[in-house]
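Hydrogens, waters and symmetry mates are skipped; everything else that's a heavy atom, side chains included, is used. Both counts, for ligands and for their atoms, begin at 1 and track the order of listing.
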Amino acid sequence: MLSEFDLIKRYFAQHTVSDPRIALGIGDDCALINPTPGMQLAISTDMLVSGRHFFPDADPVMLGHKCLAVNLSDLAAMGAMPVAFTLALSLPEANPDWLEKFSHGLFALADQHQCSLIGGDTTKGPLNICITVFGELPPGSALRRDAAQVGDDIWVSGTLGDARLALAGYWKEIKLEAAEHSQAAQRMHQPTPRIALGMALRGIANAALDISDGLIGDLGHILERSDVGASLHIDSLPAGPVLSQQPLAKRREFTLAGGDDYELCFTAPPAQRAAVIAAGLACATAVTRIGCIEQQKGLRLLDDFGQPVSLPLSSFDHFATP
Ligand code: ADP
Ligand code: MG
(Lines give C-alpha, C1' and ligand atoms only; values in the text may rest on other atoms or scores of the structure.)
(Ligands and ions follow the chains in the order given, each with its own letter.)
Protein backbone atom coordinates (compact mmCIF):
# COMPACT_ATOMS: atom_id res chain seq x y z
CA MET A 1 0.00 0.00 0.00
CA LEU A 2 1.19 3.47 -0.92
CA SER A 3 1.09 5.89 2.06
CA GLU A 4 0.17 9.55 1.59
CA PHE A 5 3.82 10.55 1.99
CA ASP A 6 5.16 7.84 -0.32
CA LEU A 7 2.67 9.00 -2.91
CA ILE A 8 3.72 12.64 -2.67
CA LYS A 9 7.39 11.70 -2.73
CA ARG A 10 7.18 9.23 -5.59
CA TYR A 11 4.92 11.10 -7.98
CA PHE A 12 5.25 14.78 -7.14
CA ALA A 13 8.32 15.60 -5.04
CA GLN A 14 10.84 13.61 -7.10
CA HIS A 15 10.52 15.92 -10.03
CA THR A 16 12.78 18.71 -8.83
CA VAL A 17 13.89 21.43 -11.17
CA SER A 18 16.41 23.97 -10.00
CA ASP A 19 15.05 27.46 -10.36
CA PRO A 20 16.57 30.44 -8.51
CA ARG A 21 13.05 31.86 -8.11
CA ILE A 22 12.13 28.89 -5.85
CA ALA A 23 13.91 29.18 -2.48
CA LEU A 24 12.11 26.15 -1.00
CA GLY A 25 9.87 23.63 -2.73
CA ILE A 26 7.85 20.61 -1.57
CA GLY A 27 8.46 19.21 1.93
CA ASP A 28 8.02 21.97 4.49
CA ASP A 29 4.93 23.74 5.82
CA CYS A 30 5.20 26.40 3.13
CA ALA A 31 7.12 26.80 -0.09
CA LEU A 32 9.22 29.95 -0.44
CA ILE A 33 9.38 32.03 -3.62
CA ASN A 34 11.97 34.72 -4.37
CA PRO A 35 9.99 37.19 -6.46
CA THR A 36 12.08 38.89 -9.12
CA PRO A 37 12.79 42.37 -7.69
CA GLY A 38 10.36 44.96 -8.97
CA MET A 39 7.89 42.42 -10.39
CA GLN A 40 4.26 41.95 -9.39
CA LEU A 41 2.84 38.49 -8.54
CA ALA A 42 -0.12 37.15 -10.55
CA ILE A 43 -2.05 34.37 -8.78
CA SER A 44 -4.93 32.22 -10.00
CA THR A 45 -6.75 29.02 -8.95
CA ASP A 46 -8.80 26.61 -11.03
CA MET A 47 -10.46 23.43 -9.87
CA LEU A 48 -11.34 20.45 -12.06
CA VAL A 49 -14.03 18.14 -10.72
CA SER A 50 -14.61 14.59 -11.98
CA GLY A 51 -17.95 14.25 -13.77
CA ARG A 52 -18.18 18.03 -14.07
CA HIS A 53 -15.10 19.14 -15.99
CA PHE A 54 -13.92 15.76 -17.23
CA PHE A 55 -15.20 12.21 -17.63
CA PRO A 56 -14.36 10.00 -14.61
CA ASP A 57 -12.43 7.63 -16.89
CA ALA A 58 -10.48 10.46 -18.60
CA ASP A 59 -6.97 9.59 -19.79
CA PRO A 60 -4.76 10.57 -16.81
CA VAL A 61 -1.92 11.89 -19.04
CA MET A 62 -4.32 14.32 -20.71
CA LEU A 63 -5.91 15.22 -17.39
CA GLY A 64 -2.50 16.08 -15.93
CA HIS A 65 -1.91 18.36 -18.91
CA LYS A 66 -5.34 19.94 -18.87
CA CYS A 67 -5.57 20.82 -15.18
CA LEU A 68 -2.32 22.78 -15.41
CA ALA A 69 -3.12 24.17 -18.88
CA VAL A 70 -6.34 25.85 -17.75
CA ASN A 71 -4.44 27.52 -14.92
CA LEU A 72 -1.55 28.64 -17.13
CA SER A 73 -4.16 30.01 -19.50
CA ASP A 74 -5.23 32.44 -16.78
CA LEU A 75 -1.64 33.66 -16.43
CA ALA A 76 -1.49 34.04 -20.23
CA ALA A 77 -4.67 36.10 -20.16
CA MET A 78 -3.00 38.61 -17.81
CA GLY A 79 0.30 38.65 -19.73
CA ALA A 80 2.14 36.98 -16.83
CA MET A 81 5.14 34.66 -16.95
CA PRO A 82 4.66 31.36 -15.04
CA VAL A 83 6.83 30.79 -11.96
CA ALA A 84 5.35 27.98 -9.85
CA PHE A 85 2.18 26.10 -8.90
CA THR A 86 0.62 24.13 -6.06
CA LEU A 87 -1.55 21.03 -6.47
CA ALA A 88 -4.40 20.03 -4.15
CA LEU A 89 -5.48 16.54 -5.06
CA SER A 90 -8.39 14.50 -3.80
CA LEU A 91 -8.14 10.87 -4.98
CA PRO A 92 -10.51 7.92 -4.51
CA GLU A 93 -7.51 5.55 -4.34
CA ALA A 94 -3.72 5.58 -4.68
CA ASN A 95 -3.52 3.91 -8.09
CA PRO A 96 0.18 3.84 -9.16
CA ASP A 97 -0.61 3.51 -12.86
CA TRP A 98 -3.00 6.49 -12.78
CA LEU A 99 -0.60 8.61 -10.70
CA GLU A 100 2.36 7.82 -12.96
CA LYS A 101 0.44 8.92 -16.05
CA PHE A 102 -1.16 11.93 -14.40
CA SER A 103 2.18 13.26 -13.14
CA HIS A 104 3.73 12.60 -16.54
CA GLY A 105 1.14 14.79 -18.32
CA LEU A 106 1.39 17.43 -15.61
CA PHE A 107 5.18 17.76 -15.59
CA ALA A 108 5.53 17.65 -19.38
CA LEU A 109 3.58 20.91 -19.56
CA ALA A 110 5.11 22.37 -16.37
CA ASP A 111 8.63 21.87 -17.74
CA GLN A 112 7.70 23.42 -21.05
CA HIS A 113 6.88 26.63 -19.16
CA GLN A 114 9.57 26.38 -16.42
CA CYS A 115 6.78 26.29 -13.85
CA SER A 116 7.77 24.29 -10.73
CA LEU A 117 5.43 22.32 -8.49
CA ILE A 118 6.22 23.77 -5.05
CA GLY A 119 3.59 22.22 -2.78
CA GLY A 120 0.04 21.07 -2.37
CA ASP A 121 -2.22 18.81 -0.40
CA THR A 122 -3.27 15.19 -0.89
CA THR A 123 -6.38 13.60 0.51
CA LYS A 124 -8.68 10.65 -0.12
CA GLY A 125 -12.05 11.52 -1.63
CA PRO A 126 -13.86 11.99 -4.95
CA LEU A 127 -11.43 12.80 -7.78
CA ASN A 128 -10.88 16.55 -7.66
CA ILE A 129 -7.84 18.49 -8.85
CA CYS A 130 -7.21 22.03 -7.73
CA ILE A 131 -4.18 23.99 -8.92
CA THR A 132 -2.97 27.45 -7.92
CA VAL A 133 -0.47 29.09 -10.27
CA PHE A 134 1.94 31.90 -9.47
CA GLY A 135 3.28 34.11 -12.21
CA GLU A 136 4.95 37.49 -12.44
CA LEU A 137 4.85 40.58 -14.57
CA PRO A 138 6.01 44.21 -14.43
CA PRO A 139 3.64 46.39 -12.36
CA GLY A 140 1.09 48.19 -14.51
CA SER A 141 1.50 45.81 -17.45
CA ALA A 142 -1.27 43.29 -16.68
CA LEU A 143 -3.92 42.81 -19.39
CA ARG A 144 -7.00 43.46 -17.30
CA ARG A 145 -10.67 42.91 -18.12
CA ASP A 146 -11.54 46.48 -17.20
CA ALA A 147 -9.17 48.17 -19.65
CA ALA A 148 -10.98 47.96 -23.02
CA GLN A 149 -11.34 51.36 -24.74
CA VAL A 150 -14.03 52.55 -27.15
CA GLY A 151 -12.58 52.19 -30.66
CA ASP A 152 -10.39 49.15 -29.79
CA ASP A 153 -10.32 46.22 -32.18
CA ILE A 154 -11.33 42.87 -30.70
CA TRP A 155 -9.01 39.95 -31.47
CA VAL A 156 -8.95 36.25 -30.78
CA SER A 157 -6.01 33.83 -30.84
CA GLY A 158 -5.98 30.41 -32.52
CA THR A 159 -9.29 28.84 -33.48
CA LEU A 160 -12.57 28.32 -31.65
CA GLY A 161 -15.19 25.64 -31.33
CA ASP A 162 -13.40 22.33 -31.87
CA ALA A 163 -13.52 21.46 -28.15
CA ARG A 164 -17.29 21.97 -28.17
CA LEU A 165 -17.55 19.94 -31.36
CA ALA A 166 -15.71 17.05 -29.67
CA LEU A 167 -18.25 17.20 -26.85
CA ALA A 168 -21.08 17.12 -29.41
CA GLY A 169 -19.41 13.98 -30.80
CA TYR A 170 -19.28 12.32 -27.36
CA TRP A 171 -22.90 13.27 -26.74
CA LYS A 172 -23.90 11.96 -30.20
CA GLU A 173 -25.40 15.39 -30.87
CA ILE A 174 -23.39 15.41 -34.11
CA LYS A 175 -22.06 12.40 -35.98
CA LEU A 176 -18.33 12.70 -36.63
CA GLU A 177 -15.91 10.38 -38.41
CA ALA A 178 -13.50 8.73 -35.96
CA ALA A 179 -10.51 10.72 -37.30
CA GLU A 180 -12.43 14.01 -37.13
CA HIS A 181 -13.57 13.28 -33.62
CA SER A 182 -10.11 12.47 -32.37
CA GLN A 183 -8.70 15.65 -33.95
CA ALA A 184 -11.39 17.76 -32.27
CA ALA A 185 -11.00 15.85 -28.98
CA GLN A 186 -7.32 16.76 -28.98
CA ARG A 187 -8.38 20.42 -28.63
CA MET A 188 -10.71 19.53 -25.77
CA HIS A 189 -8.22 17.42 -23.81
CA GLN A 190 -4.96 19.20 -24.62
CA PRO A 191 -5.57 22.95 -24.71
CA THR A 192 -2.48 25.11 -25.37
CA PRO A 193 -2.07 27.94 -22.89
CA ARG A 194 -1.11 31.05 -24.90
CA ILE A 195 1.64 32.14 -22.52
CA ALA A 196 4.05 33.57 -25.11
CA LEU A 197 1.29 35.54 -26.82
CA GLY A 198 -0.03 36.96 -23.55
CA MET A 199 3.44 38.20 -22.64
CA ALA A 200 4.05 39.57 -26.14
CA LEU A 201 0.79 41.56 -25.93
CA ARG A 202 1.91 43.57 -22.86
CA GLY A 203 2.00 47.21 -23.83
CA ILE A 204 0.07 46.46 -27.05
CA ALA A 205 -3.31 45.09 -25.94
CA ASN A 206 -5.57 46.95 -23.53
CA ALA A 207 -7.86 44.23 -22.14
CA ALA A 208 -7.66 40.44 -22.36
CA LEU A 209 -9.11 37.22 -20.97
CA ASP A 210 -9.02 33.56 -21.82
CA ILE A 211 -12.06 31.90 -23.33
CA SER A 212 -13.16 29.06 -21.09
CA ASP A 213 -16.95 29.37 -21.12
CA GLY A 214 -17.57 30.57 -24.69
CA LEU A 215 -16.63 33.77 -26.52
CA ILE A 216 -19.94 35.62 -26.07
CA GLY A 217 -20.07 35.17 -22.32
CA ASP A 218 -16.38 35.73 -21.76
CA LEU A 219 -16.23 38.84 -23.95
CA GLY A 220 -19.28 39.96 -21.97
CA HIS A 221 -17.03 40.11 -18.88
CA ILE A 222 -14.68 42.55 -20.63
CA LEU A 223 -17.64 44.68 -21.77
CA GLU A 224 -19.16 44.77 -18.32
CA ARG A 225 -15.93 45.50 -16.46
CA SER A 226 -14.85 48.12 -19.00
CA ASP A 227 -18.35 49.64 -19.18
CA VAL A 228 -18.50 49.47 -23.00
CA GLY A 229 -20.33 47.56 -25.77
CA ALA A 230 -19.15 45.78 -28.92
CA SER A 231 -19.94 44.54 -32.40
CA LEU A 232 -18.71 41.10 -33.47
CA HIS A 233 -18.34 39.97 -37.07
CA ILE A 234 -19.49 36.45 -36.38
CA ASP A 235 -18.57 35.00 -39.75
CA SER A 236 -14.95 36.13 -39.35
CA LEU A 237 -14.56 34.02 -36.21
CA PRO A 238 -11.77 31.47 -36.82
CA ALA A 239 -13.41 28.04 -36.55
CA GLY A 240 -11.25 25.03 -35.67
CA PRO A 241 -10.20 22.82 -38.59
CA VAL A 242 -12.80 20.14 -37.83
CA LEU A 243 -15.61 22.60 -37.09
CA SER A 244 -14.88 24.37 -40.40
CA GLN A 245 -16.38 21.34 -42.17
CA GLN A 246 -19.71 21.76 -40.36
CA PRO A 247 -22.75 23.78 -41.55
CA LEU A 248 -22.82 27.55 -40.88
CA ALA A 249 -25.31 27.34 -38.00
CA LYS A 250 -23.06 24.95 -36.03
CA ARG A 251 -19.95 26.99 -36.86
CA ARG A 252 -21.63 30.07 -35.49
CA GLU A 253 -22.97 28.35 -32.41
CA PHE A 254 -19.74 26.60 -31.44
CA THR A 255 -17.36 29.49 -32.19
CA LEU A 256 -19.57 31.94 -30.29
CA ALA A 257 -20.67 29.84 -27.35
CA GLY A 258 -18.58 26.65 -27.42
CA GLY A 259 -16.35 26.93 -24.40
CA ASP A 260 -13.22 25.01 -23.34
CA ASP A 261 -11.17 26.73 -26.06
CA TYR A 262 -8.59 28.46 -23.83
CA GLU A 263 -7.77 30.95 -26.54
CA LEU A 264 -7.17 34.61 -25.69
CA CYS A 265 -9.72 37.29 -26.53
CA PHE A 266 -8.15 40.74 -26.33
CA THR A 267 -8.71 44.33 -27.37
CA ALA A 268 -6.12 46.72 -28.80
CA PRO A 269 -6.22 50.16 -30.43
CA PRO A 270 -6.33 50.12 -34.27
CA ALA A 271 -2.90 51.85 -34.21
CA GLN A 272 -1.52 48.58 -32.77
CA ARG A 273 -2.73 46.32 -35.61
CA ALA A 274 0.73 45.75 -37.06
CA ALA A 275 2.14 45.14 -33.56
CA VAL A 276 -0.58 42.57 -32.77
CA ILE A 277 0.12 40.73 -36.03
CA ALA A 278 3.87 40.80 -35.32
CA ALA A 279 3.24 39.44 -31.79
CA GLY A 280 1.18 36.58 -33.26
CA LEU A 281 3.90 35.78 -35.81
CA ALA A 282 6.63 35.89 -33.17
CA CYS A 283 4.69 33.36 -31.08
CA ALA A 284 3.56 31.24 -34.07
CA THR A 285 -0.02 31.82 -32.92
CA ALA A 286 -2.75 32.92 -35.30
CA VAL A 287 -4.50 36.16 -34.36
CA THR A 288 -7.78 37.22 -35.99
CA ARG A 289 -9.58 40.55 -35.76
CA ILE A 290 -13.24 39.83 -35.02
CA GLY A 291 -14.94 43.06 -34.03
CA CYS A 292 -14.68 46.37 -32.25
CA ILE A 293 -15.40 47.99 -28.91
CA GLU A 294 -18.14 50.63 -29.02
CA GLN A 295 -19.67 53.14 -26.66
CA GLN A 296 -23.19 51.72 -27.09
CA LYS A 297 -23.67 49.02 -24.41
CA GLY A 298 -24.49 45.42 -25.32
CA LEU A 299 -23.08 42.97 -27.83
CA ARG A 300 -24.19 43.21 -31.47
CA LEU A 301 -23.65 40.20 -33.75
CA LEU A 302 -23.16 41.05 -37.43
CA ASP A 303 -22.96 38.80 -40.47
CA ASP A 304 -20.62 39.17 -43.46
CA PHE A 305 -22.81 41.93 -44.89
CA GLY A 306 -22.82 43.90 -41.65
CA GLN A 307 -26.43 42.87 -41.00
CA PRO A 308 -27.48 42.14 -37.38
CA VAL A 309 -27.98 38.46 -36.54
CA SER A 310 -29.97 37.32 -33.58
CA LEU A 311 -28.94 33.98 -32.09
CA PRO A 312 -30.34 32.33 -28.96
CA LEU A 313 -26.92 31.64 -27.44
CA SER A 314 -25.61 31.88 -23.95
CA SER A 315 -22.41 31.07 -22.20
CA PHE A 316 -21.70 28.11 -19.96
CA ASP A 317 -22.70 28.65 -16.33
CA HIS A 318 -22.26 25.86 -13.74
CA PHE A 319 -25.24 26.98 -11.71
CA ALA A 320 -27.54 27.67 -14.64
CA THR A 321 -27.39 24.12 -16.02
CA PRO A 322 -29.01 21.12 -14.38
P1 ADP B 1 0.82 19.92 6.01
O2 ADP B 1 0.54 18.83 7.02
O3 ADP B 1 1.68 21.00 6.50
O4 ADP B 1 -0.42 20.37 5.30
P5 ADP B 1 1.33 17.84 4.20
O6 ADP B 1 1.72 16.75 5.11
O7 ADP B 1 -0.06 17.86 3.68
O8 ADP B 1 1.73 19.19 4.89
O9 ADP B 1 2.31 17.85 2.95
C10 ADP B 1 3.70 17.65 3.09
C11 ADP B 1 4.43 18.40 2.00
O12 ADP B 1 4.05 17.85 0.75
C13 ADP B 1 4.09 19.88 1.95
O14 ADP B 1 5.25 20.58 1.57
C15 ADP B 1 3.05 19.97 0.87
O16 ADP B 1 3.09 21.23 0.23
C17 ADP B 1 3.50 18.85 -0.08
N18 ADP B 1 2.37 18.24 -0.84
C19 ADP B 1 1.30 17.59 -0.35
N20 ADP B 1 0.52 17.14 -1.35
C21 ADP B 1 1.13 17.51 -2.50
C22 ADP B 1 0.81 17.36 -3.88
N23 ADP B 1 -0.28 16.73 -4.30
N24 ADP B 1 1.67 17.90 -4.76
C25 ADP B 1 2.76 18.56 -4.36
N26 ADP B 1 3.12 18.73 -3.09
C27 ADP B 1 2.30 18.21 -2.17
MG1 MG C 1 -1.80 18.95 4.49
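- Looking at L91, D29, L106, I26 and measuring to atom 17 (C) of ligand 1, the nearest heavy atom belongs to I26.
- Atoms of ligand 1 found under 4.0 Å from any heavy atom of L117, numbered from 1 in the order shown, are 24 (N), 25 (C).
- Those atoms of ligand 1 with a heavy atom of G119 less than 4.0 angstrom away are 16 (O), 24 (N), 25 (C), 26 (N), 27 (C).
- Considering L256, L232, L215 in turn, L232 is the only one that fulfils the side chain to side chain contact (heavy atoms under 4.5 Å, CB included) rule with L299.
- Residue-level proximity to ligand 1 for I118 is absent, since no heavy atom of it falls below 4.0 angstrom.
- Using a 4.5 Å heavy-atom cutoff, the side chains of I290 and P238 are in contact.
- Linking ILVMFWY residues whenever their side-chain heavy atoms come closer than 4.5 Å, directly or via other members, leaves L137 and V83 in distinct clusters.
- Between K297 and D227 there is a salt bridge, since a side-chain N of the basic residue sits under 4.0 Å from a carboxylate O of the acidic one.
- Remark: R144 CZ is loosely packed, at most 12 non-hydrogen atoms of other residues, nucleotides or ligands lying under 6.0 Å away.
- Note: no N/O pair closer than 3.5 Å links L89 and ligand 1 by distance alone.
- Inter-residue side-chain proximity for W155 and I277 is flagged as met; some heavy-atom pair is nearer than 4.5 Å.
- Heavy-atom proximity to F5, at under 4.0 Å, picks out these atoms of ligand 1: 6 (O).
- For atom 4 (O) of ligand 1, the candidate residues are D28, T123, D121, T122; the nearest heavy-atom contact is made by D121.
- The side chain of I8, and not its backbone, has at least one atom closer than 4.0 Å to an atom of ligand 1 (non-hydrogen atoms only; side chain from C-beta on).
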